[in-house]
Amino acid sequence: MFDNIEVKDAVRRAMQTEKNAMEFYQRGAEMMKNKEAKQVFELLAREEREHAEWFYNVYPGDDIPDLQAFLSASADQDSDWMKELQEVKAASFDERKAMELAMEKEKNLAEHLRALAGKIENAEVRKVFEENAKSTDHHYQIIESEYASL
């Protein structure tokens, strides 16, 4: 089980991951040529922002006084989300490849969130991790559906 310091760190990292995912989808949407694929990525960007807010609302620290400022800060170009999107872009951007990457990232994130939830004693925080994992599963399904139609 996590102690309070570990919970604070886990929630902060989860907020950063959601920010990274939000930026991934925003940047990916900007590159999309297919209207429906672009709309899917725009939707997912908004939902990732919402997920960051869920974590912010249970964040036990006081070092992030403003969620909007946190989300507006420069993109973490070293995040796996952004690095891998840049690789897709560098290899002549392909919407199907971007969606394959997004499905992989969402699947892995859902598994990670569930594993963390199982280690958190605080019921309110654990519920946010569990709900986020469910929503992340839904993201996978949305992407998979759009991928099949491309």
Residues E23 and K19 bridged, charged N to O under 4.0 Å: yes
R49 bridged to E53 by N-O distance under 4.0 Å: yes
Nearest-0.5 Å distance that lies between atom CD in Q39 and atom CD in E146: 8.5 Å
Exercise: do E48 and H139 side chains pair donor with acceptor under 3.5 Å: yes
Atom pair OG (S135) and CD1 (I142), whose distance is rounded to the nearest 0.5 Å: 7.5 Å
N122 and V7, any side-chain heavy atoms less than 4.5 Å apart: no
Flag side-chain contact, heavy atom, 4.5 Å: K35 against K38: no
Contact check, side chains of E84 and K105, non-hydrogen atoms, under 4.5 Å: yes
Any donor-acceptor pair under 3.5 Å from E95 side chain to N34 backbone: yes
Least distance between heavy atoms, W81 atom then F24 atom: O-CD1, 3.3 Å
Heavy-atom neighbours of Q68 CD exceed 12 at 6.0 Å: yes
Donor-acceptor contact present, side-chain R126 to main-chain A117, <3.5 Å: no
K134 vs E131, salt bridge (charged side-chain N to carboxylate O under 4.0 Å, His left out): CA-CA, chis, key distance, verdict: CA-CA 5 Å; K134 286 180 197 170; E131 289 299 317; 3.4 Å; yes
Contact check, side chains of N108 and E104, non-hydrogen atoms, under 4.5 Å: yes
Heavy-atom pair of closest approach, residues L109 and E18: CD2-OE2, 3.9 Å
Minimum heavy-atom distance Y56-D66, with the two atoms named: OH-N, 3.7 Å
For G61 against K8, the heavy-atom pair lying closest together: CA-CE, 3.8 Å
Contact check, side chains of F41 and E30, non-hydrogen atoms, under 4.5 Å: no
Basic-acidic side-chain contact under 4.0 Å: D137, K107: no
Side chain proximity check, F55 to T17, heavy atoms < 4.5 angstrom: no
Side chain to side chain, V40 and Y147, heavy atoms closer than 4.5 Å: no
S149 side chain reached by E36 side chain, heavy atoms, under 4.5 Å: no
Inter-residue atom distance E6.CD - K119.NZ, 0.5 Å rounding: 9.0 Å
Point-to-point distance, once rounded to the nearest 0.5 Å, from CD of Q141 to OG1 of T136: 11.0 Å
Value rounded to 0.5 Å, distance of NE2 in H51 from CE in M22: 12.5 Å
Minimum heavy-atom distance M82-D76, with the two atoms named: CG-O, 3.5 Å
Electrostatic pair E130-K127, nearest N-O below 4.0 angstrom: no
Closest contact, heavy atoms only, E106 versus I143: CG-CD1, 3.9 Å
Pair Q26, R46: side-chain N/O donor-acceptor within cut-off below 3.5 Å: no
Nearest-0.5 Å distance, CZ of residue F129 to CH2 of residue W54: 12.5 Å
Side-chain donor-acceptor contact under 3.5 Å, Q16 with N20: yes
